[in-house]
Protein chains: 2
Amino acid sequence: MAAPRARTRIQARNSEVILDAALDVFSQYGFRGATLDQIAERAGLSKPNLLYYFPSKEAMHVTLLSGLLDTWLDPLRALDPEGEPVEEILAYVRRKLEMSRLYPRESRLFANEILQGAPRILDMIEQDLKALVDEKAALIRGWSAAGRLADIDPYHLMFSIWATTQHYADFDIQVHRVLGQSGDAPYDEAERFLSHLYRAALAPPGPGAR
Amino acid sequence: MAAPRARTRIQARNSEVILDAALDVFSQYGFRGATLDQIAERAGLSKPNLLYYFPSKEAMHVTLLSGLLDTWLDPLRALDPEGEPVEEILAYVRRKLEMSRLYPRESRLFANEILQGAPRILDMIEQDLKALVDEKAALIRGWSAAGRLADIDPYHLMFSIWATTQHYADFDIQVHRVLGQSGDAPYDEAERFLSHLYRAALAPPGPGAR
DNA sequence: CCTGCCGCTGACCAATTGGTCAAACATTCA
DNA sequence: TGAATGTTTGACCAATTGGTCAGCGGCAGG
């Protein structure tokens with residue numbers, strides 16, 4: 001998911017191995033709780049070797065985070081002003097849920113960063129994220145005003161979509177234990193549930209609503 | 001919120017001061033990322049003094065967590081089988097949102113623990129939490145079967161309620177930055193939004209639905 | 001006023017932390 | 001093949017970590 005700079009084959013491979021291991025550890029323990037020894041062990045490399053590829057622990061963390069927010073927002077960017085409002089938002093929910101299913105570690109890395117006060121991505125949140133959200137919020141408000149969507153707060157709609165979809169990645173242990181299931185089964189159920197939830201809440205108050 | 005054992009006045013006061021400081025630090029950095037020095041500084045006590053009241057860092061964490069899950073489930077326990085289904089669930093959402101507003105640190109402590117794999121509360125989740133959720137899920141299914149509630153998966157309904165309400169505590173930095181607001185204002189908007197969301201999704205398919 | 005316990009602390013400890021470095025080893029390419 | 005370049009590591013370092021301990025102060029009850 002992250003694409004490190006690399007000049008040689010070995011650099012490309014090892015940078016990736018390191019970032020993958022770092023993602024494992026950072027996403028579980030957060031930046032402060034992670035140790036280079038843990039990352040080194042999981043990467044199958046020596047600690048000094050990690051520091052041959054990255055100048056510091058923080059550099060690994062920044063590398064992981066910097067690419068993340070961008071990828072994370074792709075599903076929202078894809079919200080199409082030309083599409084049918086309810087279906088567009090439902091498709092967004094599905095894309096977001098798919099992100100949680102495919103990239104749970106990235107979701108947890110992000111959650112950990114926010115929980116710790118977002119020290120390294122506060123700027124990005126206030127700039128890029130806010131700008132995109134404002135844009136899409138205006139779009140959704142337009143849909144509502146045109147009667148093509150229920151009259152709903154677009155910001156809190158997005159918060160709820162983020163919360164419900166990321167929940168399956170961030171709290172997956174709880175989800176699996178409560179359901180007594182394992183694997184990806186919860187995601188299929190979640191998709192059906194969330195489709196119902198948002199379809200019902202977003203349906204426009206048609207002139208002669210059935 | 002937590003009630004430490006205490007024999008003398010000083011013990012009662014200092015135990016509470018320590019747990020309050022520990023909650024600050026643990027909820028932000030997680031168990032591994034938290035340090036006794038941080039807790040000591042925030043509590044205004046010396047590090048050895050902390051360890052006079054608690055035998056170890058882990059003991060503080062366990063003390064905080066042990067009381068937490070119980071309190072955390074109170075809103076769900078209060079779901080009344082005798083009540084009107086839709087209003088009962090909406091009241092549950094409001095209680096849960098109120099918990100996030102009043103106890104955001106506790107919410108984050110819990111989130112951190114789950115993110116790290118719930119090493120200290122997995123048992124509680126599989127026992128107490130699962131039992132309560134199963135019970136209430138059966139109740140909700142009954143309501144649906146009786147046509148008093150939409151036919152909806154009760155487990156994922158609860159997941160979505162947890163996710164959306166706790167989001168305002170766990171991701172509050174993001175929420176505030178995106179909204180460009182501060183203080184409790186988001187909570188009032190959230191209550192209106194979530195009421196609409198769940199009312200729409202839970203409304204039973206009445207025989208002659210209006 | 002003295003005795004005894006509770007509360008508190010400075011000094012200390014071993015283990016772990018992120019990070020350095022010189023030297024050894026491997027690869028590439030002329 | 002050999003020199004230059006790229007890769008790896010053991011040994012090491014200072015700082016920080018969670019935790020110990022002997023002793024000191026202060027308050028309470030006799």
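Within every chain, numbering begins at 1; the chains are lettered A, B, ... in the order of the sequence lines, protein sequences first and strands thereafter. All values below were derived from every heavy atom in this structure, side-chain atoms included, with hydrogens, water molecules and symmetry-related copies excluded.
Looking at I39(A) and F26(A), their side chains come closer than 4.5 Å, going by heavy atoms from C-beta outward.
Nucleotide dG18(C) holds its C1' atom 16 Å from the CZ atom of F54(A), rounded to whole Å. Following rounding to the nearest Å, K57(A) (NZ) and dT16(C) (P) show an atom-to-atom distance of 16 Å. In this structure, the NE2 atom of H61(B) is 13 Å from the P atom of dG18(D), given to the nearest Å. Distance I39(A) CD1 to dG19(C) C1': 13 Å, rounded to the nearest Å. Nucleotide dG18(D) holds its C1' atom 11 Å from the CZ atom of F26(B), rounded to whole Å.
Ion pair R108(A)/D170(A) not flagged as a salt bridge, since none of the NZ, NE, NH1 or NH2 atoms sits closer than 4.0 Å to an Asp/Glu carboxylate oxygen. A salt bridge does not link D20(B) to R42(B): none of the charged side-chain nitrogens sits closer than 4.0 Å to a carboxylate oxygen. A salt bridge links D24(A) with R105(A): at least one charged nitrogen is closer than 4.0 Å to a carboxylate oxygen. Of the charged side-chain nitrogens involved, at least one lies within less than 4.0 Å of a carboxylate oxygen, so that D134(A) and K130(A) count as a salt-bridged pair. Contact check on R95(B) versus D74(B) returns no salt bridge, with no Lys/Arg side-chain nitrogen under 4.0 Å from an Asp/Glu carboxylate oxygen.
Ring pair Y168(B)/F159(A) is perpendicular by interplanar angle, where above 60° counts as perpendicular and below 30° as parallel.
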Would you tabulate the side-chain donor-acceptor contacts of residues 136-143 of chain B under 3.5 Å, counting partners in other chains and residues two or more places apart, or write 'none'?
unit_1, atom_1, unit_2, atom_2, d
K136(B), NZ, R77(B), O, 3.4
K136(B), NZ, L79(B), O, 3.0

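A donor-acceptor contact under 3.5 angstrom links the side chains of S160(A) and Y198(A), judged on distance only.
Taking the side chain to side chain donor-acceptor pair (under 3.5 Å) definition, one finds that E189(B) meets it with H156(A), Q181(B), sequence neighbours left out.
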Hey, what are the protein-to-nucleotides 5-8 of chain C N/O distances that come in under 3.5 Å?
unit_1, atom_1, unit_2, atom_2, d
dG7(C), OP1, T8(B), OG1, 2.6
dG7(C), OP2, Q11(B), NE2, 2.7
dG7(C), OP2, Y52(B), OH, 3.0
dC8(C), OP2, N14(B), ND2, 2.9
dC8(C), OP2, Y53(B), OH, 2.4
dC8(C), O5', N49(B), ND2, 3.4

Which atoms of nucleotides 20-23 of chain C (N or O only) lie under 3.5 Å from a protein N or O atom, and what are those distances?
none

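Contacts of residues 29-38 of chain A with DNA chain C (heavy atom under 4.0 Å): A34(A), T35(A), L36(A), D37(A). Contacts with DNA chain D (heavy atom under 4.0 Å) in residues 109-120 of chain A: none are found.
The number of heavy atoms from other shown groups lying within 6.0 Å of CD (E41(B)) does not exceed 12. The environment of CG in D123(A) is sparse: at most 12 heavy-atom neighbours from other residues, nucleotides or ligands sit within 6.0 Å.
Tested against R101(A) for a side-chain hydrogen bond (donor to acceptor under 3.5 Å, both in side chains), the candidates D184(A), D188(A), T165(A) yield a single pass: D184(A).
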